Amino acid sequence: MKLILLGAPGAGKGTQAQFLTQHFSIPQISTGDMLRAAIAQGTELGKLAKSFMDEGKLVTDEIIIGLVKERITQSDCANGFLLDGFPRTVPQADALADAGVAIDAVVEIDVADEVIVERMSGRRCHAPSGRTYHIVYNPPKVADCDDQTGEPLIQRDDDKPEVVLDRLKVYHQQTAPLVDYYQAAAAKNDALRYIKVDGTQPIDQVQSKILGQLN
Ligand code: AP5
Ligand code: ZN
């Protein structure tokens with residue numbers, strides 16, 4: 001199963017990815033998590049990406065496409081994968097198609113901008129795994145600690161309200177065109193499904209809506 005999760009910052013891509021990757025036994029490929037790992041490790045890629053991410057801007061297509069192409073050839077991707085946060089621009093989507101990657105379904109998680117800003121302020125993350133919580137909607141068992149490791153949770157640098165607004169702007173300008181792009185692609189290709197879910201429902205309901213349409 002090869003899946004793409006499409007949605008605004010904070011729509012719940014990472015949250016739903018946790019369930020979907022377990023259900024289908026496929027790896028989660030989150031370009032955001034990959035870049036944050038590179039920043040934490042202090043690599044050249046991390047240094048380059050940090051300035052873009054801190055401002056809510058996209059990292060260049062060239063870098064991201066190289067990163068994803070390399071990742072999807074690894075052995076754990078043989079039975080499929082879930083792309084979380086990629087593609088995010090039309091050139092990225094074209095690069096995926098040009099590489100001959102046959103996607104089974106694009107899942108759009110639809111959430112209005114007003115809801116997003118509130119969600120981001122309550123988000124807490126376990127940096128090493130990318131696991132995501134919310135202080136109200138999805139609290140960890142012990143406050144500020146990851147459920148599986150007990151390690152501390154952090155707030156992402158780009159979750160400050162002013163950066164969230166910039167990320168939303170970038171989403172509408174550069175990523176939202178992929179909604180039409182993939183709807184048109186699905187209309188022409190029976191093997192590609194386009195699934196749209198209301199992401200303002202509670203987390204478990206969003207999950208069952210997605211699974212219901214995928215199975
Ligand atoms: P990335 O890490 O991909 O961030 P994003 O797309 O902005 O998305 P988020 O991770 O913020 O949100 P999410 O949809 O995963 O929501 P979550 O599940 O956490 O990218 C970060 C940066 O990296 C970019 O700005 C860019 O600079 C760079 N980058 C990454 N990929 C790139 C690419 N392809 N090209 C160029 N640059 C790239 O949920 C959010 C919160 O809401 C959580 O607290 C969660 O618990 C809560 N929540 C989730 N679902 C629900 C629900 N149904 N009800 C109530 N609360 C919910
Ligand atoms: Zn995410």
Side-chain angles (χ1 to χ4, degrees), residues 4-18 27-74 81-96 98-99 108-109 111-135 144 146 151-179 181:
I4 291 176
L5 281 185
L6 190 61
K13 301 183 295 296
T15 302
Q16 297 302 328
Q18 286 172 31
Q28 173 187 5
I29 301 179
S30 160
T31 40
D33 285 349
M34 289 163 87
L35 295 171
R36 282 183 287 277
I39 293 174
Q41 287 158 12
T43 65
E44 282 309 309
L45 168 67
K47 282 176 201 153
L48 201 70
K50 188 171 178 2
S51 54
F52 291 103
M53 292 172 79
D54 283 352
E55 290 184 20
K57 295 199 178 103
L58 295 184
V59 176
T60 61
D61 286 334
E62 200 190 351
I63 291 176
I64 294 288
I65 289 167
L67 205 62
V68 173
K69 274 193 176 167
E70 201 265 331
R71 179 66 186 89
I72 60 179
T73 57
Q74 290 173 10
F81 45 78
L82 179 149
L83 294 171
D84 162 9
F86 179 94
R88 232 174 167 102
T89 62
V90 170
Q92 291 181 16
D94 284 342
L96 197 61
D98 292 346
E108 180 194 348
I109 307 179
V111 177
D113 289 7
E114 305 79 71
V115 180
I116 303 278
V117 179
E118 186 216 344
R119 277 193 190 177
M120 298 311 220
S121 60
R123 171 160 62 181
R124 299 291 181 272
C125 302
H126 179 241
S129 69
R131 274 187 291 278
T132 300
Y133 303 85
H134 190 282
I135 52 174
D144 293 325
D146 177 49
E151 288 168 355
L153 302 178
I154 54 138
Q155 265 192 292
R156 268 170 50 176
D157 287 340
D158 59 351
D159 277 351
K160 295 184 205 108
E162 63 277 17
V163 184
V164 171
L165 292 177
D166 286 337
R167 288 163 62 201
L168 280 170
K169 229 181 271 171
V170 167
Y171 173 78
H172 289 296
Q173 284 166 355
Q174 301 194 54
T175 308
L178 294 181
V179 169
Y181 179 105

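In this text, all values refer to a predicted model and were calculated from it rather than measured experimentally.
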Side-chain contact, heavy-atom cut-off 4.5 Å: [X] with [Y]?
X	Y	result
Ile4	Leu178	no
Leu35	Leu67	yes
Leu165	Asp113	no
Leu168	Val117	yes

Lys160 with Glu162: basic N within carboxylate O range, under 4.0 Å: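 Judged by the 4.0 Å cut-off on N to carboxylate O distance, Lys160 and Glu162 do not form a salt bridge.
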I'd like to know if Arg167 pairs up with Asp159 as an ion pair, taking the criterion as any Lys NZ or Arg NE/NH1/NH2 lying under 4.0 Å from an Asp or Glu carboxylate oxygen.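 A salt bridge is present here (some side-chain N lies under 4.0 Å from a carboxylate O).
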Side-chain (Thr132) to main-chain (Thr15) donor-acceptor, under 3.5 angstrom: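 A pair under 3.5 Å: no.
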Where the side chain of Lys13 meets the backbone of Ala8, is there a donor-acceptor pair that is under 3.5 Å apart?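 Side chain of Lys13 to backbone of Ala8: a pair is present.
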Between the side chains of Asp94 and Tyr181, does any donor sit under 3.5 Å from an acceptor?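 Their side chains do contain a donor-acceptor pair, which is all the 3.5 Å distance test asks for.
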For the CD1 atom of Ile72 and the CZ atom of Phe81, what is their distance to the nearest 0.5 Å?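 Here the interatomic distance stands at 4.5 Å.
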Distance check, rounded to the nearest 0.5 Å: Glu118 atom CD versus Ile116 atom CD1?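 Taking CD in Glu118 and CD1 in Ile116, the distance rounds to 10.5 Å.
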Contact summary for [X] and [Y], nearest pair of heavy atoms:
X	Y	result
Asp33	Gly130	OD2-CA, 3.8 Å
Ala11	Ile109	O-CG2, 3.3 Å
Gln28	Gly14	NE2-CA, 4.3 Å
Arg124	Asp144	NE-OD1, 4.2 Å

